[in-house]
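Accompanying notes for the structure given below.
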Protein chains: 2
Amino acid sequence: MSMEYRYKHPHPAVTTDIVVFTISDGALKLLLIKRGQEPYKGTWALPGGFLEPNEDLSQCAQRELQEETRLQNIYLEQLYTFGNPERDPRERVVSVAYYALVPIMDNLPVAGSDATAVSWYPMDKLPPLAFDHVEIVNLAQKRLLSKLNYTSIAFQLLPETFTLSEVQTVYEIVRNEKLDKRNFRKQITKLGLLEDTGELRRNGSHRPARLYRAVCRNKVQLID
Amino acid sequence: MSMEYRYKHPHPAVTTDIVVFTISDGALKLLLIKRGQEPYKGTWALPGGFLEPNEDLSQCAQRELQEETRLQNIYLEQLYTFGNPERDPRERVVSVAYYALVPIMDNLPVAGSDATAVSWYPMDKLPPLAFDHVEIVNLAQKRLLSKLNYTSIAFQLLPETFTLSEVQTVYEIVRNEKLDKRNFRKQITKLGLLEDTGELRRNGSHRPARLYRAVCRNKVQLID
DNA sequence: GCAAAAGTGTTATCCCTACACCCATGA
DNA sequence: TCATGGGTGTAGGGATAACACTTTTGC
């Protein structure tokens, strides 16, 4: 394809970048991709790419996300749009940033579609990032933290069924503080978002834990 | 200028649209502009326009806002980015929406730079809007309402100095409900955001009201 | 029986809500 | 003196925060 696209006025390129969070090994982690081309070749960066002519912004983010993780039904929300004229050395690029939450899993998928390196990094040990991606990541973390307080977003970081201790762990890791077990359970159950599955999980050599399900896992809602 | 801009891949046009709110005559009002050209010629629309090659997104919004209102130092915040491929019939347009808050004024400026009609509409009597602007306006109103609860954004709708009753009026109009005077005053003063100017405003035939100033009017901050 | 995580209540404090009257002024 | 909006306090109920022991299981 050597076709050219012509416009009477200058048009910036538009991309989406996705901040993909998950929790594993007791830490909040971020999905990064090692760039295979200039600029910033060899530097870690957020997954993302150019907007196709006939897709909506969220479709673009979803497509890019799936190309990197092969994951379906991942929670995805628009974060902010970054348009500093200098943010990409090649040309003017406006990037619509999204963030995504991948549920806790035993085997985190990282298979990239091509030979590029893909890896989960703990938020407190991030490598240097390309472009203005540090800024995007910081904003996403701030948003996640504050949404935890007034929405049911935490369940997007949990699998279909989970124990109350696992919910508490999500809150503790994202907020980076220990919480009181009894108070936490009172609060979280009072919200009416949890349904007891009636099943138990027998884990190690200790009392089994009740398994719960989020009443509406498909939509994040305001609470209180 | 008959110059053409060429790209190897299709690039959408990028615009900003601004949802400009103010309060007057006891109602939340929105600044609208009657379109002078197709598409949607003669229909009311949000102020906004194309991103220039060397300006940041917020600069673009600020510039468009100033061209319509001649106002400086207006609070401006990015809202959301709209990119439905069908949202503009001419070409693919991605619009970064902002919202702006204009303080209560006696003489609201509406002088457009050119001959276009510019007008403030009460939110409960909006005319039909061009493009997807209804959607943008609804989202902005929702955002304003929720930010009122956890930030000091209300002071952006007030002049330099103001009475407690005026603050209460802002809350009542945006939230569309009456509030208890004593409880409101206790809450708002407890936040530590208000500074007593020591001056009084003598208004009508009643006791004069104390005038207050927002401690940090230049930055909107989280409260609680 | 012992280690390890699950589960469970009470009390003191703070915050929110409901509610009604006096004050200072201009006409 | 009257009409108008400005200004003030208290009491009851509900939410929040601090705090420790028993239960169930696997080994």
Side-chain angles (χ1 to χ4, degrees), chain A residues 23-26 104 106 146 148-150 152 154 158-159 161-173 175-214 222-224, chain B residues 23-26 104 106 146 148-150 152 154 158-159 161-173 175-214 222-224:
Chain A
I23 288 180
S24 82
D25 307 324
I104 295 179
D106 291 333
S146 72
L148 211 62
N149 292 323
Y150 65 94
S152 61
L158 289 163
T161 62
F162 46 81
T163 68
L164 291 185
S165 294
E166 287 174 320
V167 185
Q168 183 171 346
T169 301
V170 167
Y171 277 83
E172 288 181 336
I173 288 172
R175 294 166 59 167
N176 197 31
E177 62 178 357
K178 289 297 269 178
L179 300 172
D180 179 84
K181 197 203 296 193
R182 279 173 292 189
N183 291 336
F184 180 80
R185 284 168 185 235
K186 260 178 288 181
Q187 291 164 25
I188 204 81
T189 51
K190 193 174 37 170
L191 297 178
L193 299 172
L194 295 180
E195 187 186 29
D196 192 337
T197 63
E199 300 182 11
L200 299 178
R201 173 184 297 163
R202 292 182 305 282
N203 233 1
S205 55
H206 53 81
R207 181 170 173 174
R210 285 180 131 82
L211 283 174
Y212 292 83
R213 188 195 325 278
L222 298 177
I223 56 186
D224 295 1
Chain B
I23 287 180
S24 82
D25 308 324
I104 295 179
D106 291 335
S146 72
L148 211 63
N149 292 323
Y150 66 94
S152 61
L158 289 164
T161 63
F162 46 81
T163 68
L164 291 185
S165 294
E166 288 174 319
V167 185
Q168 184 171 346
T169 301
V170 167
Y171 277 82
E172 288 180 337
I173 288 172
R175 294 168 56 167
N176 196 32
E177 62 178 357
K178 290 296 272 179
L179 300 172
D180 179 83
K181 198 203 295 194
R182 279 174 291 187
N183 291 337
F184 180 80
R185 284 169 184 234
K186 259 178 291 179
Q187 292 163 25
I188 204 80
T189 50
K190 191 174 39 167
L191 297 179
L193 298 172
L194 295 179
E195 187 185 31
D196 192 336
T197 64
E199 300 183 12
L200 299 177
R201 174 186 297 164
R202 292 180 306 281
N203 232 0
S205 55
H206 53 81
R207 180 170 173 176
R210 286 179 130 82
L211 284 174
Y212 293 83
R213 188 196 323 279
L222 297 177
I223 57 186
D224 295 1

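Convention: sequence-line order gives letters A, B, ...; per-chain numbering from 1.
Within 4.0 Å of T163(B), counting heavy atoms only, lies no atom of the nucleic acid at all. Base contact: R185(A) has a heavy atom under 4.0 Å from a base atom.
The two residues D180(A) and R182(A) make their nearest non-hydrogen contact at OD2-N, 3.2 Å. Listed here is the closest heavy atom pair of T189(B) and R185(B): OG1-O, 2.6 Å. Nearest heavy atoms, F184(B) versus L164(B): CE2-O, 4.1 Å. The two residues S152(A) and I223(A) come nearest to each other via the heavy atoms N-CG2, 4.2 Å.
Distance CZ (R182(B)) to P (dT10(D)): 11 Å, rounded to an integer number of Å. Atom CZ of R207(A) and atom C1' of dC27(D) are 19 Å apart (whole Å). The nearest whole Å value for the distance from the CZ atom in R201(B) to the P atom in dG6(D) is 10 Å. For the pair Q168(B) CD and dG5(D) C1', the interatomic distance rounds to 12 Å; values are reported in whole Å. As rounded to whole Å, 18 Å separates atom C1' of dT1(D) from atom NE2 of H206(B).
Using a 3.5 Å distance cut-off with no hydrogens or angles, the side chains of S165(B) and R210(B) do not pair a donor with an acceptor.
Mapping N203(A) and K181(B) onto DNA chain D via the closest heavy atom, the residue that lands nearer the 5' end is K181(B). Place N183(A) and G204(A) on DNA chain D by their nearest nucleotides, and N183(A) ends up nearer the 5' end.
I173(A) CD1 to Q168(A) CD: the interatomic distance, rounded to the nearest 0.5 Å, is 11.0 Å. For the atom pair R213(A) CZ and L193(A) CG, the distance stands at 14.0 Å (nearest 0.5 Å). Distance check, rounded to the nearest 0.5 Å: OH of Y212(A) to OG1 of T197(A) gives 8.5 Å.
First and last contacting nucleotides of DNA chain C toward chain B (any atom under 4.0 angstrom from a heavy atom, 5' to 3' order): dC16(C) to dG26(C).
Between S165(B) and dG6(D), a side-chain N or O to OP1/OP2 separation shorter than 4.0 Å is present.
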Next item on the list: Apply side-chain contact (heavy atoms from CB on, under 4.5 Å) to the pair I104(B) and E166(B), showing each step before the final yes or no.
Entry: CA-CA 10 Å; I104(B) 295 179; E166(B) 288 174 319; 5.6 Å; no
N/O-N/O pairs, protein side and nucleotides 14-16 of chain D side, under 3.5 Å:
from, atom 1, to, atom 2, distance (Å)
dT16(D), OP2, K190(A), NZ, 3.1

